[in-house]
Amino acid sequence: MSEKEVKNLEEVFEARIARDEKIEPKDWMPEKYRQTHIRQMSQHAHSEIVGMLPEGNWITRAPSLRRKAALLAKVQDEAGHGLYLYSACETLGISRDELYEQLHSGKAKYSSIFNYPTVTWADMGAVGWLVDGAAIINQVPLCNTSFGPYARAMVRVCKEESFHQRQGFEIMLTLCRGSEEQKAMAQDALNRWWWPSLMMLGPTDAESVHTEQSMKWKLKRKSNDELRQQFIDQTVPQADLLGITVPDPDLKWNEETGHYDFGEIDWDEFWQVVKGHGPCNKERMNARVNAWNNGEWVRDAAMAHAEKNANKKVAKAS
Ligand code: FAQ
């Protein structure tokens, strides 16, 4: 293709983005747009799949049948989200095997938040309330993102995340209305999950290398700092309602800006976790790699079965 032809295609593409038209897999797109989407969508898919581990840890120890059923359903939903996202990613010409390989080799990232341990039952409340709460704030704008398959996957994901957030909040509410020990457990979970939840929304806008381009392509509709402020403004009144305290002495309502001011985030901790040195990074990766290796015979059997059926159909037809 000549330079002029590429330039024309780029102009048509930019005009479609400007008109808020969805870009579909078979449409022409700049190579960088394709790669950026593979990066973000696959990291998102990996996060959903790795995100099943901290909660999976509590399925056998849920305090009642009702809690166990809800937790099982939530973890299953997360598997579903990973699958929609991997499928949406595959429409961009990368295979599922390549995506897994990127995760298992450490080439692709997944969300920092899932490298923290879930040590008490209250963590199931805090993860639903705070982690799913932050995830929804990040993902609602993605329902309107420019790449069609990602936007459509996000519509269903957001509906389910919204249920997850409410079930988490309800666990916290039950604990906060319970005994002194239960309320202390809820407070302890908030203390441990608050700052990692703020970090989960990504580095500050000044440090974010991808935001500017992703906003131009309407992949991102809001910046990391905007989403973080929205999360804080929405969540602090919920903590007040629960009667527990956000672990930030600098947190203060600002009449002038109409937002909460908040304290310094420990970005060193964030980058340490992103680089693989968080409390559970090794455990999480080992769990995923072992699941892949131990599942080899299942994949082989499924392929052999599919091949046998296909051969049978060919034999019948001839
Ligand atoms: N953890 O320039 P930016 C969930 C990396 S799903 C690790 O700001 P961008 C559901 C970033 O990749 C949670 N790495 O990047 C659930 C980049 O590195 P790279 C996941 C992070 O893409 C709930 C570098 O830092 N959600 O929770 C993180 O413009 C409960 C520079 O950053 C999504 O993936 C981080 N937190 O903005 C499941 C949503 N933040 O790639 C189970 C979609 C940044 O150049 C239980 N993703 N980095 O090597 C996004 O919205 C964006 O990708 C951001 C980052 C906002 C995460």
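Numbering of ligands and ligand atoms starts at 1, following listing order. Please read all numbers here as calculations on a predicted model, not as lab measurements.
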Would you indicate which of [options] comes nearest to [atom] when only heavy atoms are counted?
{"atom": "atom 1 (N) of ligand 1", "options": "Ser112, Ser197, Ala135, Ala108", "result": "Ser112"}
{"atom": "atom 10 (C) of ligand 1", "options": "Lys107, Gln139, Glu161, Glu78", "result": "Glu161"}
{"atom": "atom 23 (C) of ligand 1", "options": "Val75, Val50, Asp132", "result": "Asp132"}
{"atom": "atom 45 (O) of ligand 1", "options": "His46, His210, Glu48, Lys222", "result": "His210"}
{"atom": "atom 27 (O) of ligand 1", "options": "Glu160, Met200, His81", "result": "Met200"}

**Report entry** Gln230 vs Glu226, side chain to side chain donor-acceptor pair (under 3.5 Å): CA-CA, chis, key distance, verdict
**Finding:** CA-CA 6 Å; Gln230 195 182 330; Glu226 282 176 294; over 6 Å; no

Are any of the N/O atoms in Ser214 less than 3.5 Å from those in ligand 1? no

Worksheet item: Is there a nitrogen or oxygen of Leu142 sitting under 3.5 Å from a nitrogen or oxygen of ligand 1?
Response: no

Any salt bridge linking [X] with [Y]? Criterion: basic side-chain nitrogen under 4.0 Å from a carboxylate oxygen.
{"X": "Glu170", "Y": "Arg166", "answer": "no"}
{"X": "Asp27", "Y": "Lys22", "answer": "no"}
{"X": "Asp225", "Y": "Arg228", "answer": "yes"}
{"X": "Lys7", "Y": "Glu3", "answer": "no"}
{"X": "Arg221", "Y": "Asp20", "answer": "yes"}

Under 4.0 angstrom from ligand 1, any heavy atom of [X]?
{"X": "Lys74", "result": "yes"}
{"X": "Met52", "result": "no"}
{"X": "Glu207", "result": "no"}
{"X": "Glu55", "result": "yes"}

Identity and distance of the protein heavy atom lying nearest [atom]:
{"atom": "atom 12 (O) of ligand 1", "answer": "Gln43 OE1, 2.9 Å"}
{"atom": "atom 21 (C) of ligand 1", "answer": "Phe270 CZ, 4.0 Å"}
{"atom": "atom 55 (C) of ligand 1", "answer": "Lys220 NZ, 4.3 Å"}
{"atom": "atom 7 (C) of ligand 1", "answer": "Tyr110 O, 3.4 Å"}
{"atom": "atom 18 (O) of ligand 1", "answer": "Lys109 NZ, 3.3 Å"}
{"atom": "atom 39 (C) of ligand 1", "answer": "Asn138 OD1, 3.1 Å"}

With heavy atoms and a 4.0 Å threshold, my read on which part of Val274 contacts ligand 1 is side chain

Contact region, Ile113 to ligand 1, non-hydrogen atoms below 4.0 Å, reads neither

Would you say the side chains of [X] and [Y] form a donor-acceptor pair under 3.5 Å?
{"X": "Asn224", "Y": "Asp205", "value": "no"}
{"X": "His259", "Y": "Asn254", "value": "no"}
{"X": "His104", "Y": "Glu101", "value": "no"}
{"X": "Glu98", "Y": "Ser95", "value": "yes"}

Mind running ring-ring contact (aromatic ring centres under 6.0 Å, His included) on Tyr86 and His46 for me, showing each step along the way? CA-CA 9 Å; Tyr86 282 128; His46 301 324; 5.5 Å; yes

